Amino acid sequence: MTSVKLILNGLKFSYPLKMTRNQKIILYDLTNTYFEGSKRNSAIAKRGKSKEKRDDCPLLSLAMAIDSEGFPKRSKIYEGNISEASTLETVLSQISFGDINKRKTIVMDSGIATEENIQKIKPHYDYIAVSRKRPIPYEKWESIDEEKILLRDKKTTLTMKSLEVGDEVYLLCHSEAKEKKERGIIKRRQSKFETELKSLAEGLYQPRKMKNYEKVLEKIGRLKEKYKVGQHYDIKVRRNKNKATSITFSKNSKGQLKSEHVGEYLLRTNRKDLSNREISQVHRSLTMIEASFRSMKSDLGLRPIYHQNDKRSEAHLYISVIAYHFVAAILKQLQGNGINLTWNSVRNVLASRKRVTTTFNTEKGEIISIRTNTAPNLEQAEIYQSFKRLKPAVCDAKHMIKLK
């Protein structure tokens with residue numbers, strides 16, 4: 001029997017878990033959640049870039065490191081405007097991951113994988129990260145043979161090319177699923193951007209619409225910042241003194257070049273002992289920590305925070321993270337028995353089973369309550385059997401309560 005130990009902002013917890021633990025991989029990422037209310041007097045609620053598009057609200061950040069099986073090993077609460085890259089060293093310094101003689105591999109996204117962080121962790125850890133820079137020109141990749149693999153869904157493919165540069169291996173990946181998603185996002189943004197530009201241009205010939213040249217340029221700048229596709233267009237604004245007379249725009253070659261590489265991402269690692277397939281597989285395990293954050297937000301009530309007191313706000317996050325530890329243990333146990341469900345799916349499957357209490361009065365004036373459970377269906381029985389907890393549907397003496 002293995003005891004899972006965790007540390008949450010200095011508080012230690014442990015619970016028994018009967019499964020193999022693999023702690024050679026450390027997945028690290030941050031998320032944030034938002035407050036309802038102004039939180040003007042809060043020391044930790046700060047405005048920043050919200051991962052849920054709630055930039056209008058004060059935020060609180062949660063950093064978390066988990067192992068390759070999805071179990072959180074360390075979490076820490078930060079202010080809402082904390083820089084992701086600045087949190088890595090602090091969190092990793094407080095993690096104990098089994099045998100200290102076994103070198104661990106840190107897996108992180110581009111927001112954390114700054115050059116400074118890479119150099120700091122190199123003496124102590126290996127790493128697999130999304131590269132923030134493109135040190136190899138696209139032309140050099142064209143002569144390298146590509147390798148294709150079929151992903152778990154058996155429908156989409158991942159194309160990979162690798163190149164060794166100094167003490168690192170760079171892996172250029174192209175994901176069909178990522179390309180489809182990104183193209184959809186870009187298309188929607190471009191459509192909205194062009195609609196706004198056309199409306200602005202038409203307003204130049206309409207009464208009570210914006211015509212001042214400087215204000216028109218300022219408005220275009222705001223649209224570029226809002227939709228993030230302004231670099232794909234050449235925009236010309238003609239003027240007559242201080243009045244804008246026309247707005248014309250067209251897509252440029254930079255936008256077309258960007259379109260050719262949609263769905264690509266570049267990984268960097270110092271693990272030269274791993275194959276392309278293995279590097280990619282370890283990196284894709286980052287989806288596990290993203291799933292952890294989604295579960296905490298949607299299933300365990302991490303968002304939003306209604307508390308006004310900072311200590312209560314921190315306690316809100318503590319409880320959500322502790323709850324996720326138990327959720328992770330339950331899901332891992334189910335996966336070991338071939339049941340691959342999310343926590344929300346498990347709840348929905350079990351929700352239809354009810355406990356029925358029948359109450360009646362006797363001639364002596366006593367109240368008797370008999371409790372019975374509805375019979376589990378096949379899916380519910382499989383879940384119970386995974387924990388060896390299948391309870392009979394019939395009532396027994398334990399379910400009978402006698403009250404006066």
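The model shown is predicted, which means the values in this text are computed figures rather than measured ones.
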Legend entry - NZ (K51) with more than 12 external heavy atoms under 6.0 Å: yes
Inset, instruction - Evaluate the salt bridge (Lys or Arg N to Asp or Glu O under 4.0 Å) criterion for residues K297 and E52: first the C-alpha distance (whole Å), next the side-chain angles of each, then the deciding distance (0.1 Å), finally the verdict. - result: CA-CA 10 Å; K297 289 179 178 181; E52 301 163 87; 3.6 Å; yes
Inset, instruction - Please round to the nearest 0.5 Å and tell me the distance separating atom CD of E202 and atom CG of L197. - result: 11.0 Å
Inset, instruction - Measure across S143 and K140 and return the closest heavy-atom pair with its distance rounded to 0.1 Å. - result: OG-O, 3.3 Å
Inset, instruction - Taking K180 for its side chain and S175 for its backbone only, find out whether a donor-acceptor pair lies under 3.5 Å. - result: no
Inset, instruction - Determine whether Y34 and L59 make a side-chain contact, defined as any pair of heavy atoms from C-beta on separated by less than 4.5 Å. - result: yes
Inset, instruction - First locate atom CD1 of I26, then atom CD1 of I106, and finally report the distance between them rounded to the nearest 0.5 Å. - result: 3.5 Å
Legend entry - Lys/Arg-Asp/Glu bridge criterion (N-O < 4.0 Å) met for E218, R222: yes
Legend entry - Heavy-atom donor-acceptor pair, S280 side chain to R277 backbone, under 3.5 Å: no
Inset, instruction - Mind checking the OG1-CZ spacing from T359 to R371? Nearest 0.5 Å is all I need. - result: 8.5 Å
Legend entry - Straight-line distance of I128 CD1 to S285 OG, nearest 0.5 Å: 8.0 Å
Legend entry - Residue pair Y324 / D299, side-chain heavy-atom distance below 4.5 Å: no
Legend entry - Y127-E168 side chain donor-acceptor pair, cut-off 3.5 Å: yes
Inset, instruction - Measure from the side-chain N and O atoms of K354 to the backbone N and O of A351, and report whether any donor-acceptor pair falls under 3.5 Å. - result: yes
Legend entry - Check: T195 side chain, S191 main-chain N or O, donor-acceptor pair, under 3.5 Å: yes
Inset, instruction - Indicate yes or no for a side-chain donor-acceptor contact from N117 to the backbone of A113 under 3.5 Å, with no hydrogens or angles considered. - result: no
Legend entry - Minimal non-hydrogen separation, S298 against R294, with atom names: OG-O, 2.7 Å
Inset, instruction - Test ring pair (Phe, Tyr, Trp, His ring centres under 6.0 Å) on Y265 and H283 and set out the steps. - result: CA-CA 11 Å; Y265 56 94; H283 168 257; 5.4 Å; yes
Inset, instruction - May I ask you to check whether over 12 heavy atoms, not counting those of N361, lie within 6.0 Å of atom CG? - result: yes
Inset, instruction - For residues H232 and R189, determine if any side-chain heavy atom of one lies less than 4.5 Å from a side-chain heavy atom of the other. - result: no
Legend entry - Sequence neighbours excluded - salt bridge (charged side-chain N to carboxylate O under 4.0 Å, His left out) pairs with any residue from residues 114-131: E89-K120, R103-D126, E115-K133, E115-R268, E116-K120, K122-D167
Legend entry - pair R134-L266: side-chain heavy atoms closer than 4.5 Å: yes
Legend entry - Side chains of S162 and E147, donor plus acceptor under 3.5 Å: no
Legend entry - N373 side chain vs R353 backbone, donor-acceptor pair below 3.5 Å: no
Legend entry - Whether over 12 other heavy atoms sit under 6.0 Å from E194 CD: yes
Legend entry - Step-by-step side-chain contact (heavy atoms from CB on, under 4.5 Å) determination, T269 to L171: CA-CA 8 Å; T269 179; L171 188 68; over 6 Å; no
Inset, instruction - Output yes when a side-chain donor or acceptor of E84 lies under 3.5 Å from a complementary backbone atom of D29, and no otherwise. - result: no
Legend entry - Any donor-acceptor N/O pair, K228 side chain to E225 backbone, under 3.5 Å: yes
Legend entry - Minimum heavy-atom distance between K192 and Y227, given as atom pair plus value: CB-CE2, 3.5 Å
Legend entry - Mutual orientation of the aromatic rings belonging to H261 and Y138 [parallel < 30°, tilted 30-60°, perpendicular > 60°]: parallel
Legend entry - Heavy-atom closest contact (I339 atom, S386 atom, distance): CD1-OG, 3.4 Å
Inset, instruction - Using atom types as modelled and distance alone, determine if a side-chain donor or acceptor of R47 lies under 3.5 Å from a backbone N or O of N81. - result: no
Inset, instruction - Might you point out which heavy atoms bring H174 and V262 nearest each other, and give the distance in Å? - result: NE2-O, 3.4 Å
Legend entry - Pairwise distance CD1(I322) to NE2(H325) - rounded to 0.5 angstrom: 7.5 Å
Inset, instruction - Indicate yes or no: at least one non-hydrogen side-chain atom of T90 is less than 4.5 angstrom from one of Y78. - result: yes
Inset, instruction - Measure the shortest side-chain to side-chain distance between F193 and K226 over non-hydrogen atoms and say whether it is less than 4.5 angstrom. - result: no
Legend entry - Residue pair L317 / I305, side-chain heavy-atom distance below 4.5 Å: yes
Legend entry - Heavy atoms of other groups near K49 NZ, more than 12 under 6.0 Å: no
Legend entry - M296 vs L62 side-chain heavy atoms within contact, under 4.5 Å: yes
Legend entry - For the student: nearest non-hydrogen atoms of R54 and S50, plus distance: N-OG, 3.0 Å
Inset, instruction - I would like to know whether I136 and L163 meet side-chain contact (heavy atoms from CB on, under 4.5 Å); could you show each step before the answer? - result: CA-CA 9 Å; I136 306 166; L163 189 63; 3.6 Å; yes
Inset, instruction - Just do the side-chain contact (heavy atoms from CB on, under 4.5 Å) check on S295 and T342 with the steps written out, would you? - result: CA-CA 8 Å; S295 180; T342 63; over 6 Å; no
Legend entry - M108 CE to T114 OG1 distance, which is reported to the nearest 0.5 Å: 8.0 Å
Inset, instruction - Give a yes or no answer on whether the side chain of Q190 reaches the backbone of K187 with a donor-acceptor pair at less than 3.5 Å. - result: no
Legend entry - Any pair counted as salt bridge (charged side-chain N to carboxylate O under 4.0 Å, His left out), so long as it reaches residues 31-40, sequence neighbours left out: K39-D310
Inset, instruction - Report the C-alpha separation of E196 and L200 in whole Å, then their side-chain angles, then the decisive distance to 0.1 Å, and conclude whether the side-chain contact (heavy atoms from CB on, under 4.5 Å) test is met. - result: CA-CA 6 Å; E196 294 264 21; L200 190 61; over 6 Å; no
